[in-house]
J.: 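First the structure, then my questions, so here it is.
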Protein chains: 2
Amino acid sequence: MADRDHALLRIAVDLAILTVRDADFQVLLIERRNPPHQGLPALPGGFLRDDEDPERAALRELREETSLDASNLILEQLTVRGAPDRDPRGRVVSVPYMAIAPDLPIPTAGSDASAAHWVSMASALRDASLAFDHGHILAEALELARARLEHTTVATAFCHEPFTIGDLRHVYEVVWGTTLDAGNFSRKVTKTEGFIEATGDRRAHGTGRPAATYRRGTARRLHPPIFRNPIEI
Amino acid sequence: MADRDHALLRIAVDLAILTVRDADFQVLLIERRNPPHQGLPALPGGFLRDDEDPERAALRELREETSLDASNLILEQLTVRGAPDRDPRGRVVSVPYMAIAPDLPIPTAGSDASAAHWVSMASALRDASLAFDHGHILAEALELARARLEHTTVATAFCHEPFTIGDLRHVYEVVWGTTLDAGNFSRKVTKTEGFIEATGDRRAHGTGRPAATYRRGTARRLHPPIFRNPIEI
DNA sequence: CCAAAAGTGTTCGACGTACACCCATGC
DNA sequence: GCATGGGTGTACGTCGAACACTTTTGG
């Protein structure tokens, strides 16, 4: 049954933790303390433990790296990476996840990392210097996040509650790299049942008319979607 | 580095191979020749080999199980299943794939299977008697296939070339369990650039006016989508 | 008063839906 | 002729895009 041909291996869980900070779409990267790829930036992650399934391991790593409360989490699995030579330490198959988080404090570096930083998505992808195949994982996370904003209400996961419609629109604009019509966006999200729930409060924002504030609604899917403009193939 | 805590395990690749046959949405199931779950229906699959990545293993298994030419394949990864107790033989993490295939001959049973059959999706899910967690995998494959028809041109992968627009509409109707307006559907797919390409030929179908025949186009995404009706949340 | 952000009103055009109607074949 | 499936014409309603305009705050 256990043919010698059947690879015995370890599973790594890697996390693309995305956030919107400082008018910028950012990802949490660590600097690797140990070989291989010592000193290179990488996605946070770790090995699957004996008593865990991969999703639970991802939640554990996310908590360890960001101290994030798991209750509001959006965690989505990306394509498994298992090229036989992707890790020089031996056979390691990575199960990568995309996590969407509101603006968080910079976490402290853990045991496996000599540093942890929020890095703008553009520069993380441009330099293409990430350890292992993490550049490919990150590119997939970016595209998935952009697509999820079209078809789901997940954009609210980027916002701390309570948030304004302007905050939410800002998420769309930063993640998509576009601008949206404020009025039409406001109508769209308020008229989509379950997207956002009014708190009844308002919030002043320095200048301009105070905005009504909202909490996340219960709907997860967005019908009809909000399409990116222009449409990319 | 290799903490004792880090699980050493095997990876299984499981395939939900979907097709439309006899006006019915069907999946390829094998009957397990060996324990565990001996005699139960299961998705075809096998263990990852030393020199393979998971996608390549899935393609190999697919060829072995169906003799299908890999060039026209639609293969999409589903959620990794890795509950520690999902396989009594030890720690096995499954990377499941959904494959979409045109109506194929019934494959011969392989070494690990005492039989292989096309089974209607409804009965495969209703009985809930599939081995391991394959029932959950299959349910996910069903929902993904339905969603993919909305947003991609993948429905053509269910058809042998050349096919008619009626063949393609039949795929939508069987997979979604709905009926569609033939005229509107025809306009939609012919006006969507790259969905289908006319061959110039026609095909008689017993009775009725002969239909123009088409090949698959090069487009993969469908803008705007074809939504299921009524919209389900 | 002016700038800036929030939110509403309104017009226009694109597109999906429904359904009538014609086309081309087998029986 | 008649049934059957293929395909076009067309009217209607809905919705998104664009943008003018009002509201409400800070300076």
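Every heavy atom of this structure was used, including side-chain atoms; hydrogens, water molecules and symmetry mates were not. The sequence lines fix the lettering, A, B, ..., with proteins before strands; numbering per chain opens at 1.
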J.: Base, sugar-phosphate, or nothing for A/Ala182, non-hydrogen atoms under 4.0 angstrom?
T.: nothing

J.: CZ of A/Arg203 versus P of C/dG7: gap in Å, rounded?
T.: 11 Å

J.: Starting at atom NZ of B/Lys191, determine the distance to atom C1' of C/dG16, rounded to an integer number of angstrom.
T.: 12 Å

J.: With the side chain counted from C-beta on, respond yes when B/Leu40 and B/His134 share a heavy-atom pair under 4.5 Å apart, and no when they do not.
T.: no

J.: Do B/Thr213 and B/Thr164 have a side chain donor and acceptor closer than 3.5 Å?
T.: no

J.: Taking atom C1' of C/dG16 as reference, at what distance in whole Å does atom NE2 of A/His223 sit?
T.: 15 Å

J.: Let's go through A/Thr156 and A/Phe195 carefully: what are the C-alpha distance in whole Å and the side-chain angles of both, what is the deciding distance for side chain to side chain contact (heavy atoms under 4.5 Å, CB included) to 0.1 Å, and is it a yes or a no?
T.: CA-CA 8 Å; A/Thr156 57; A/Phe195 196 167; 3.7 Å; yes

J.: Rounded to the nearest Å, what distance is computed from the CG atom of residue B/Leu222 to the C1' atom of nucleotide C/dC15?
T.: 14 Å

J.: What is the separation between atom CZ on A/Arg169 and atom C1' on C/dA5, rounded to the nearest whole Å?
T.: 8 Å

J.: Take atom CG of A/Leu180 and atom P of D/dG16, then tell me their distance rounded to the nearest Å.
T.: 13 Å

J.: Taking atom P of D/dG7 as reference, at what distance in whole Å does atom CG of B/Leu168 sit?
T.: 12 Å

J.: So, taking the atom named OH in B/Tyr214 and the one named CZ in B/Phe163, what distance separates them when rounded to the nearest 0.5 Å?
T.: 9.5 Å

J.: Does a side chain donor of either A/Glu140 or A/Thr79 reach within less than 3.5 Å of an acceptor in the other side chain?
T.: yes

J.: With distance as the sole criterion, is a donor-acceptor pair present between the side chains of A/Asp103 and A/Thr19 under 3.5 Å?
T.: no

J.: Scan nucleotides 17-27 of chain C nucleotide by nucleotide, 5' to 3', and note B when protein non-hydrogen atoms come under 4.0 Å of the base, S if they reach only the sugar-phosphate, - if neither.
T.: BBB---BBBS-

J.: Check the distance between D/dT4's C1' and B/His170's NE2 and give it to me in whole angstrom.
T.: 16 Å

J.: Which residue, A/Lys188 or B/Gly166, contacts DNA chain D at a nucleotide closer to its 5' end, judged by nearest heavy atom?
T.: B/Gly166

